[in-house]
Protein chains: 2
Amino acid sequence: MSITSTAAGPTTREAIAASARTMFAERGFTATSVRAIAAAAGADPALVIRHFGSKEQLFLEVLGPTRAPGPELEGPLAELGRTLVAYVLDPARDAERRAYATMVQASDNEAVRATLRTAARTSFIDRLTARLPGADAAVRAELIGAQIGGLMQAWPTIEPLLGAVGRARAVDLYGASVQALVDGSH
Amino acid sequence: MSITSTAAGPTTREAIAASARTMFAERGFTATSVRAIAAAAGADPALVIRHFGSKEQLFLEVLGPTRAPGPELEGPLAELGRTLVAYVLDPARDAERRAYATMVQASDNEAVRATLRTAARTSFIDRLTARLPGADAAVRAELIGAQIGGLMQAWPTIEPLLGAVGRARAVDLYGASVQALVDGSH
DNA sequence: GTCTATACGCTGATAGAC
DNA sequence: GTCTATCAGCGTATAGAC
């Protein structure tokens with residue numbers, strides 16, 4: 001019944017990763033036990049640790065930042081705020097937003113916190129700093145990072161409230177707000 | 001050696017609360033064990049539970065929202081963004097910001113998440129919704145809540161980067177950004 | 001009313017036999 | 001690679017001494 005990595009079926013490792021991804025996303029890091037992940041995957045608890053090193057590393061591997069290219073920052077400066085917010089609120093990136101929120105809620109853990117911080121810097125803040133005109137670009141990029149982080153975290157709460165307003169209006173509103181920091185006027 | 005609640009010295013309950021406040025703030029919820037809190041307070045672990053019900057309730061009691069009046073929203077609308085940000089970044093509110101960040105990082109826990117959400121609504125978002133002019137006031141208030149939450153969470157990271165820029169400049173920049181959502185123009 | 005002692009069931013993680 | 005057995009530590013509960 002065992003399947004090698006070259007065959008078509010899922011390996012035990014992949015079954016564990018799939019269970020872990022679902023359960024971490026649904027119940028959070030703390031409430032999801034290694035034993036529960038193993039049971040859902042039809043595997044032994046010890047195998048979870050053997051394959052992934054620790055519960056923490058498994059969490060980061062299945063929910064951590066992907067190698068996605070990150071938001072497009074090369075467009076016109078005058079629309080950068082809107083572009084950023086549209087990227088973040090893109091319906092296609094729903095899973096990414098949820099994973100981010102799950103990680104923030106588990107950032108009690110130092111490795112999780114470090115992963116979040118590094119991902120934000122390399123895929124976003126550093127590139128944004130280089131792109132921003134005017135004075136205090138680094139500080140303004142960090143402040144924009146705070147805005148975007150706040151939006152990603154709050155979105156699951158805000159989205160159901162939208163009703164007739166619509167996502168596009170939210171993109172307009174928040175985009176204009178981010179744009180104020182892009183411009184950085186006095 | 002025991003001291004009643006009417007005497008001047010700290011009771012065991014107060015010693016436990018003091019230790020818990022320090023250790024939760026320094027090491028977070030998960031990494032702080034009930035046994036470690038008890039040891040630091042010179043008390044028995046069982047007493048921690050007896051006095052506070054659970055580790056979770058102790059955490060909320062020592063780090064949860066105070067009965068502070070919340071930000072002033074009654075000033076002129078044209079300065080509301082700046083007023084809000086100045087309130088949040090007030091050096092005197094440093095401990096509150098740190099407590100908020102600690103709670104967000106532990107919001108893996110459902111009771112913590114509920115406490116944060118309720119506090120934000122009652123002390124801030126609901127009042128702000130009533131104050132905002134124009135359409136979509138509720139949605140705009142939530143978006144401002146996202147901005148403010150993002151700022152409070154990121155501030156410990158941003159503050160050391162300020163250097164010569166200064167807190168006042170950050171208040172100006174972020175305040176103008178919040179103001180864009182207060183105005184809600186197209 | 002405090003407080004101590006003890007214990008229960010669960011957790012993440014490890015060592016070593018198949 | 002996989003499973004069994006086991007570990008120390010966790011949050012929590014309770015019985016009973018002062």
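A, B, ... follow the sequence lines: proteins, then strands. Residue 1 opens every chain. Side chains are part of it too, since the values below use all heavy atoms of this structure and drop only hydrogens, waters and symmetry mates.
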In Å and rounded to the nearest 0.5 Å, what is the NZ to CG distance from B:Lys55 to B:Leu58?
9.5 Å
For B:Tyr174 versus A:Leu143, what's the shortest heavy-atom pair and its separation?
CE1-O, 3.5 Å
Of all heavy-atom pairs between B:Ile37 and B:Ser19, which one has the smallest distance, and what is that distance?
O-CB, 3.9 Å
Take atom [atom1] of [X] and atom [atom2] of [N], then tell me their distance rounded to the nearest Å.
X       : N      : atom1 : atom2 : value
B:His51 : C:dT4  : NE2   : C1'   : 13 Å
A:Phe52 : D:dT2  : CZ    : P     : 12 Å
A:Arg27 : C:dT11 : CZ    : C1'   : 14 Å
B:Glu14 : C:dC3  : CD    : P     : 11 Å
A:Ile16 : D:dT2  : CD1   : C1'   : 11 Å

May I ask you to check if B:Arg93 and B:Tyr100 form a cation-pi contact, with NZ or CZ under 6.0 angstrom from the six-membered ring centre and within 45° of the axis?
no
Nucleotide by nucleotide, nucleotides 8-16 of chain D touches protein heavy atoms under 4.0 Å in the pattern (B base, S sugar-phosphate only, - none) --BBBBB--
For atom CZ of B:Arg98, decide whether the heavy atoms of other residues, nucleotides or ligands shown that lie under 6.0 angstrom number more than 12.
no
Donor + acceptor pair across side chains of B:Glu72, B:Thr83 (<3.5 Å):
no
